[in-house]
Amino acid sequence: MQPKPTALKMLDVFSVLALAVATYLALVFAPTELVMGDVQRVFYFHIGTAWVGLLGFIIAAGSGIVYLVTKDMKWDRFEVAAVEVSIMFFLITIVLGSIWARPAWNTWWTWDPRLTTAAVTELIYIAYFMLRQGMDDPEKRARFGAVYTLLGGVSAPITFMVIRLFRSIHPVVIGAANANQEKMSMTGDMRVAFFFALFAFTVIFIDLIWHRIRLGSLEEKVEQLKLKVSM
Amino acid sequence: MRPSPSLFKATLAIVKKDLSAEFRSRELISAMLVFSLLVILIFNFALELDVKVRQSVTAGVLWTTFAFAGTLGLNRSMAVEKDRGCMDGLLLAPVDRSAIYFGKAISNLIFMLIVEAIVLPVYSMLYNVNLFQAGLLGVILLGSIGYTAVGTLLSAMAVQTRTRDVLLPILLFPVAVPVLLSSVKASGGLLAGAALPEILTPLNILIVYDIVFIAIAFMVFDYVVEE
Amino acid sequence: MRPSPSLFKATLAIVKKDLSAEFRSRELISAMLVFSLLVILIFNFALELDVKVRQSVTAGVLWTTFAFAGTLGLNRSMAVEKDRGCMDGLLLAPVDRSAIYFGKAISNLIFMLIVEAIVLPVYSMLYNVNLFQAGLLGVILLGSIGYTAVGTLLSAMAVQTRTRDVLLPILLFPVAVPVLLSSVKASGGLLAGAALPEILTPLNILIVYDIVFIAIAFMVFDYVVEE
Amino acid sequence: MISVKKLVKRFGLKVILRGLDFHVEPGEFVALLGPNGAGKTTFLRILASLSRPTMGEVNIAGHKLPHEAAQVRARLGVVSHQPLLYPDLTAEENLRFYARMYGIENQDERITDVLEMVGLNARRRDLVGAFSRGMQQRLAIGRAVLHDPDVVLFDEPYTGLDQDASEMLDEVLRSVAAKGRTVVMTSHDLARAEDLATRFDILSRGVIATSARREDFKGTNLLDFYKKALEA
Amino acid sequence: MISVKKLVKRFGLKVILRGLDFHVEPGEFVALLGPNGAGKTTFLRILASLSRPTMGEVNIAGHKLPHEAAQVRARLGVVSHQPLLYPDLTAEENLRFYARMYGIENQDERITDVLEMVGLNARRRDLVGAFSRGMQQRLAIGRAVLHDPDVVLFDEPYTGLDQDASEMLDEVLRSVAAKGRTVVMTSHDLARAEDLATRFDILSRGVIATSARREDFKGTNLLDFYKKALEA
Ligand code: HEM
Ligand SMILES: Nc1ncnc2c1ncn2[C@@H]1O[C@H](COP(=O)(O)OP(=O)(O)OP(=O)(O)O)[C@@H](O)[C@H]1O
Ligand SMILES: Nc1ncnc2c1ncn2[C@@H]1O[C@H](COP(=O)(O)OP(=O)(O)OP(=O)(O)O)[C@@H](O)[C@H]1O
Ligand SMILES: [Mg+2]
Ligand SMILES: [Mg+2]
């Protein structure tokens, strides 16, 4: 087994640092939000994870397409890595969201567009893994996986659009803010914390995907060896 | 050498084949029908609603029924091809693969519409609501098109997996949420006596969804059936 | 010669086998879980009820969810035995056939209970209702027992048919109506804050049903599995 | 008619066909023999354009696979151990369906001819589901030659047939070959293969280990030849 | 060890076995040959008590079928072309499960012995689902002999194996037979059958057409013998 590339080692260290700093900025540096108080500090991680989560799903759909065109297994590994990591982050988003929702809307959950979309999206990618689990031929697994990520990638935004038909209590900072929604006003320090959180999670995201891809190729090697053993 | 048949001819052949086979055995449609009735029955017991509320959820109950019965039909209709290797037979024919997709999708759609055409009157008798409005029928058509368009593609994948008997709904439902949702919205609106303009948004979404997903399925179906 | 193992030992062996296999793949439970969540999701869209009504149908929605997810699990769990001839393996063992029935029934029950144990808290979070009352859990246990008792028998039949992927719900739901109905009644009552005595009738029905159907299944299972 | 060069087929990591070369002249009847799992079915599926080669050239009736698959399919008939027929359709309807799929003109005559050939004209209006395996297999062959292909591939056509059915099948196979068609058949049944084929290729370890014409082995018989080939 | 008298098996109206007589002495290794659809699998399934005879007497290891099925099962091992194994369990867990089902005492030693015998001890903790068909088939044989049966039935144990796997299987089969067990094996692979078996019975038209010991045919080989039997 080839040793861990130094670049990856460095990235590991770096992402740990980034996380530490982001945590500090979120929990200590950023001022307490007036309306909601300290819970609002969840916000920085909430968005951070949500951002990389969505990013990963888009990447997955992209590499799925590339796989279908090139039929090169490495794109399949890339796709799996992206989905796996994103599913995890997105789960964190939802959990943090719920934690935040408890005081903010005094309920764990409401069926507002973004929440519902988040849930549906999560389900889509869980289904993705169940689909893959059902096949033994790796080549077929890759093909079907790619097709499904494509479908999911297209369907999720439409879902979001659709559910927008209902009224929403989920605040919107990004994109068109409807009049009826109170907009959280971010002070400069908050912005710093906010954007650094985004940055930090992006770094961690890349780091994890890298690891996952390496794992994937190692798994393949193990398979090869096992095949030799059984011969 | 002989020209291979046009996409249209091949599609037509497959649809005819499915229809006459179904006309013989009635296996698929009867299964879907019985299942739909069972679902309605269960709903009836499960949600003992007073008439007023019942009215407000009619659209929802109907579409849930269609969705469940639909997966049943989609799964079976593809399993028929898989079980005795008929899918290979189709793939061996000198026709474009998308003919297979369109053929199966269209026959699935027809089956679904037949089932709906029977469920609707039954339902309206059971709960005496009038479900026969041109608008509603249009919405049901649009919704069913979208549902079968995706469903056919996914069922072609599902039947090739080890967990074929359970996988389809899990794959289909989350992807089909937009269709179901806007169908429910549109139908609900109509049943509540709304005029077309008021339900334009869900209608547009339905149309967009149908077009987009037919296009996608058309493009990727090869990858699903080839080995 | 060696004494063949007791009914109890054999049953236990099968249950252990199923559990450790499931513990590995998590295929079955995850399928049931995801499906349950999807059903709940669809219901949520389908029946947009105001909080009050929502409360009144909680029991119904829950049991419908369990019923649908249940068929999925039952079907899969029997398909596993059928697909690679493992059923023959079981039949070849020098044990009483009813050991196979009890073994499969018990593991099916366990799977169903696990799923319910996860769905309940999720549901109560989603709709913040409190579902953790000893009474309710008891009802759910009774209901699940009856449902799996019949379901296991019927799934053993269904997987042997040509239409295995669609048949089970059609066979099971009508037979299981009494269980579902009285479970809904009992649970609904409890959630509405009724005391035990008030829901005695459905409870008794549940108990009777459980006993009767376990007995029947026990008697007829041989005929279902042997050739 | 068929020419395969350096064909490699891999499933995941498992290599089934390792640079296989295979050539068939027009009108030959090749029996493709080999132990279980040698890759016979896999090879036939590639020839039938049902499965993509991992590497190598496949050229059938002057068309390259996989790119000119459509043209190849139009001139190719395939019989596998599955019947590829719809049980809920009659024999006639099944053939008519495939006739449409192959764009055959004046279908009625053609269908009648084929039904005559496989001796099922009397049962043309019966459901295929009610046929015995043997009749189904004969109809499957009718299906395969419906569009009068130049090349016909048989993958263990005898599997699951009962004995009389197998004998009837022999005749059908002969009449298929008689038309000067090129035939490739896999089978475990050495006795049958010996009667039918004009050439015997043995697929072993992912390549054609040996190939011999019927006239080549005098005195010795197919089994000895087969065993030698595997020992080699 | 096995004695079958006037066995008849009917599926609906189709008669598969027509008053078949079959006797096996302890320690014999009988290769049951015959064309596709002769009824080999059907016959084995009856011997295995998986399928009921329509008529006739079946007596195995001194117990009558179907009434004393339980006793027969306890002394019978069966290997079909399906592995009868659970892909989501490890080799060891699979064997442990069957050990429990057969009420075997001191399981651990027994399981280890069997795994040694089929050469899978190194992989005992791997999931069976990850095994190749060949390894699965070897494990299936381990499963079949786990309870040290007196009679072992093999139905085409080589189906779907690749070549090396088949060769490993030969050894396992030999070691199974070596223990003085009575073995009945169906196969299409005359070459293999000729090596392994001590007796060759040919099932044709629902009865045992001919039966011969290895020593009986000198000069001629199995294929000639087989063909004669079918012509007769
Ligand atoms: C697609 C995934 C999601 C994204 C992109 C997202 C994004 C955001 C953003 C940008 C904000 C800040 C808006 C503001 O405070 O003005 C926010 C706030 C919030 N989000 Fe999310 N969110 C997602 C999912 C969720 C989920 C699943 C939950 C919980 C169930 C949730 C609960 C909340 C809560 C409680 C707030 C604060 C509400 C308030 O300010 O009163 N979010 N989210
Ligand atoms: N889709 C697949 N995925 C993975 N491996 C496969 C697949 N299809 C076949 N194989 C493997 O390829 C090898 C050859 O299979 P194939 O069926 O071609 O052999 P065969 O010569 O037809 O055997 P038989 O005589 O039993 O039909 C086998 O080891 C099988 O396990
Ligand atoms: N369950 C069944 N119902 C009806 N007919 C059956 C059934 N099982 C087998 N048959 C028929 O019995 C005949 C013998 O089948 P069987 O599988 O025993 O033959 P076989 O000798 O094993 O053939 P092969 O060598 O192909 O395995 C076949 O014609 C088959 O169609
Ligand atoms: Mg083969
Ligand atoms: Mg057989």
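Labels below follow one simple rule: chain letters A, B, ... track the order of the sequence lines, proteins then strands, and each chain is numbered from 1.
A 6.0 Å sphere centred on OH of B:Y127 holds more than 12 heavy atoms belonging to other residues, nucleotides or ligands. Counting non-hydrogen atoms of neighbouring residues, nucleotides and ligands closer than 6.0 angstrom, the CZ atom of D:R10 reaches no more than 12 such neighbours. B:F132 CZ: more than 12 foreign heavy atoms inside a 6.0 Å radius.
In this structure, chain D has no heavy atom under 4.5 Å from any part of B:K9. Both the backbone and the side chain of D:P87 have a heavy atom closer than 4.5 Å to some heavy atom of chain B. Neither the backbone nor the side chain of B:R26 has a heavy atom closer than 4.5 Å to any heavy atom of chain D. Both the backbone and the side chain of D:T90 come within contact range of chain B, each with at least one heavy atom under 4.5 Å from a heavy atom of that chain. Proximity to chain B is absent for every atom of D:R96, based on heavy atoms less than 4.5 angstrom apart. For chain D, no part of B:D96 is nearby; none of its heavy atoms comes within less than 4.5 Å.
Of all the listed residues (D:L85, D:L89, D:L50, D:L127), the one sharing the greatest number of non-hydrogen pairs under 4.5 Å with chain B is D:L50. Contact count against chain D (heavy-atom pairs under 4.5 Å) is highest for B:L90 among B:L90, B:L12, B:V225. With chain D as partner, the option from B:G85, B:C86, B:A13, B:S6 having the largest number of non-hydrogen pairs under 4.5 angstrom is B:C86.
Separation of atoms CG (D:L84) and CE (B:M87) is listed at 12.0 Å; rounding is to 0.5 Å. With rounding to the nearest 0.5 angstrom, the OH atom of D:Y86 is 3.5 Å from the CD atom of B:E81. With values rounded to the nearest 0.5 angstrom, B:K82 atom NZ is found 8.5 Å from D:Q82 atom CD. The OG atom of D:S49 lies 8.5 Å from the CG atom of B:L91; values are rounded to the nearest 0.5 Å. Considering CZ of D:R100 and OG1 of B:T11, their distance stands at 12.5 Å, rounded to 0.5 Å.
Side-chain contact between D:P83 and B:R84 is present, with at least one heavy-atom pair separated by less than 4.5 Å. At a threshold of 4.5 Å between non-hydrogen side-chain atoms, the residues B:E22 and D:D88 do not count as touching.
Proximity to chain B at a heavy-atom threshold of 4.5 Å picks out nothing from residues 53-62 of chain D.
Ion pair D:E93/B:K16 not flagged as a salt bridge, since none of the NZ, NE, NH1 or NH2 atoms sits closer than 4.0 Å to an Asp/Glu carboxylate oxygen.
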Pair D:Y102, B:L92 - check side chain to side chain contact (heavy atoms under 4.5 Å, CB included), show working.
CA-CA 9 Å; D:Y102 281 91; B:L92 281 168; 4.0 Å; yes
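Formation of a donor-acceptor pair under 3.5 Å by the D:R73 side chain with backbone atoms of B:V95 is not found in this model.
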